[in-house]
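Step one of this worksheet: look at the structure below.
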Amino acid sequence: MSELSQNHINIRVRFAPSPTGYLHVGNARTAILNWLFARHCGGSFILRVEDTDMDRSTTEYYKELLDDLKWLGLDWDEGPDVGGDFGPYKQSDRLQIYQDYANKLLAQGNAFKCYCTAEEIKEKSELAISKGESVNYDGTCYQLSQEQIRQFESQGRKPVIRFRVPSEEISFSDIVRGTITFDGDNISDFVILRAVGIATYNFAAAVDDTLMSISHIVRGEDHLSNTPKQILIHNALGHTSPNFVHIPMILGSDRSKLSKRHGDNQVRQYREKGYFPEALVNFLSLLSWSSPTGDELLSMKRLVEEFTLERLSKSAAIFDLEKFNWMNGWYLRNIEFDKITNMAIPFLEKEGYDISDETFAKKCIGAVITRADYLQELATRCSIFFQDEVMFENDTLMKSESSKKIFAEFLNETKNITDWRGETFKQIMKTIQQKTGVKGKDLWMPFRMALTGLEHGLELPNVVELLGLEKSKQFIQKAINT
Ligand code: GLU
Ligand code: ZN
């Protein structure tokens, strides 16, 4: 167990996603770091689904979320699907609990009913802004008389419940960032229960972290401003807050917050392109953590062994797709070849290739494996072996006198060939060179273009062996006719 965790014998961490969209790589990293910490310490990893935003949360996203987490190789000890002693684990099943605790805070004087309408609040804050004053809640409803309350209710107003933020400093020690202090005077009396009786995020999360005995909260630094509010709630409920770690946001290559603009940012998108979960876990872990050995290619097992919160970094994490591709490519070439082919076949099928000859398909995969980083790319690269007609990247090359000459010679030399291998092709190229005087690039480039449609690519003898004699002749004939 790591040093900083010693005063918590029971390590209990949670991943608390909202099922309002597909799993973002930033949230996946949060899940992974929590999971690694729990597994490293022999603690518990809890999945809590924060679905109190009924308009945006869907069952579909909930299911996909669980599916993506499992695909990553994560498992949880407690959660909505597996149960546990601290359930229910879906916040929509805990609404009564939040109402009870809101009433408790009301009774204790930590919270109050507020009858101000949204329009009134908006007007007041606009006025405050225009005067350069604080936009904090102005205290209108601190001490309403019974008469005022009756009046509001007769107008049909439904109150929200606000937490009464004390005028004091709120300090906590972040394991990565050290002591962080907020001034209560800068925090508005925030809503904990909406008029419809549904808890807000800050309240539900703080109640649950308390009731679920969470020992460490590891989450993105976008939640930093929520932390003092949650600490106030923990305290009002008579509990000590968990330990906090806020990890830096993931940025795109231009150092702005990672978004759609930067390309794929959902786990699902990488999954669909044939990236490997091991590679994604490896890559995302290293976005804000590093191994004490400095190694970068780390299995899940090693990550679990080496992971400690102390090695989390506070500097921004850049999502470098090139690096991820490199890493995934390493996995592609180091996972057992049989496993790779099994995973790659569906991608070849999706491209519409005829893969009825599995041995042939395997050979094709083997031929391009050093030229691809993920399975979809690998499948695309295999196209040269499955096409019935070649589309030339550049057909001027096909039209020259010298090309016509060498192609004609190829058809001539292959007339009586029966045993077709890469070696046979090499031999024939030598003969063509001797007979026509064409050599080097002038010889090989036209053939490459004629046989694959590409200017650059794989070793040509390997390609033609897989293409077979008939197709090779057919493609050369087409090139002559171009
Ligand atoms: N539901 C919140 C989110 O997805 C959880 C934040 C937290 O970890 O407290 O951002
Ligand atoms: Zn009010």
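Read the numbers this way: they start at 1 and go in the same order the structure lists the ligands and their atoms. Not measured: the values here are computed from a predicted model.
- Applying the side chain to side chain contact (heavy atoms under 4.5 Å, CB included) test between Lys90 and each of Asp51, Thr52, Asp81, Leu47 identifies Asp51 as the sole match.
- Side-chain contact check for Lys131 versus Leu127: some heavy-atom pair is nearer than 4.5 Å.
- Under a 4.0 angstrom heavy-atom cut-off, Gln230 registers as lying outside contact with ligand 1.
- Annotation: cation-pi pair Lys350/Phe347 present, NZ/CZ under 6.0 Å from the ring centroid and within 45° of its normal.
- Note: an N/O pair closer than 3.5 Å links His223 and ligand 1 by distance alone.
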Please report the C-alpha distance between Asp75 and Trp35 in whole Å, then the side-chain angles of each, then the deciding distance to 0.1 Å, and finally whether the side chain to side chain contact (heavy atoms under 4.5 Å, CB included) criterion is met.
CA-CA 8 Å; Asp75 55 352; Trp35 182 84; 2.7 Å; yes

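- Classified by interplanar angle (parallel below 30°, tilted 30° to 60°, perpendicular above 60°), the ring pair Phe45/Phe15 is parallel.
- Residue contacts with ligand 1: Ala205 is excluded, as none of its non-hydrogen atoms falls under 4.0 Å.
- Taking the centre of each ring, Phe244 and Phe172 come in below the 6.0 Å mark.
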List the steps, then state whether ring pair (Phe, Tyr, Trp, His ring centres under 6.0 Å) holds for Phe190 with Phe203.
CA-CA 9 Å; Phe190 55 95; Phe203 189 53; 8.5 Å; no

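- The protein non-hydrogen atom at the shortest distance from atom 8 (O) of ligand 1 is Arg14 NH1, 2.7 Å.
- Neither the backbone nor the side chain of Phe15 comes within 4.0 Å of ligand 1, counting heavy atoms alone.
- Protein nitrogen, oxygen and sulfur atoms, that is N, O or S, within less than 2.8 Å of the Zn ion (ligand 2) amount to 4.
- Distance alone, capped at 3.5 Å, places no donor-acceptor pair between the Tyr22 side chain and the Pro19 backbone.
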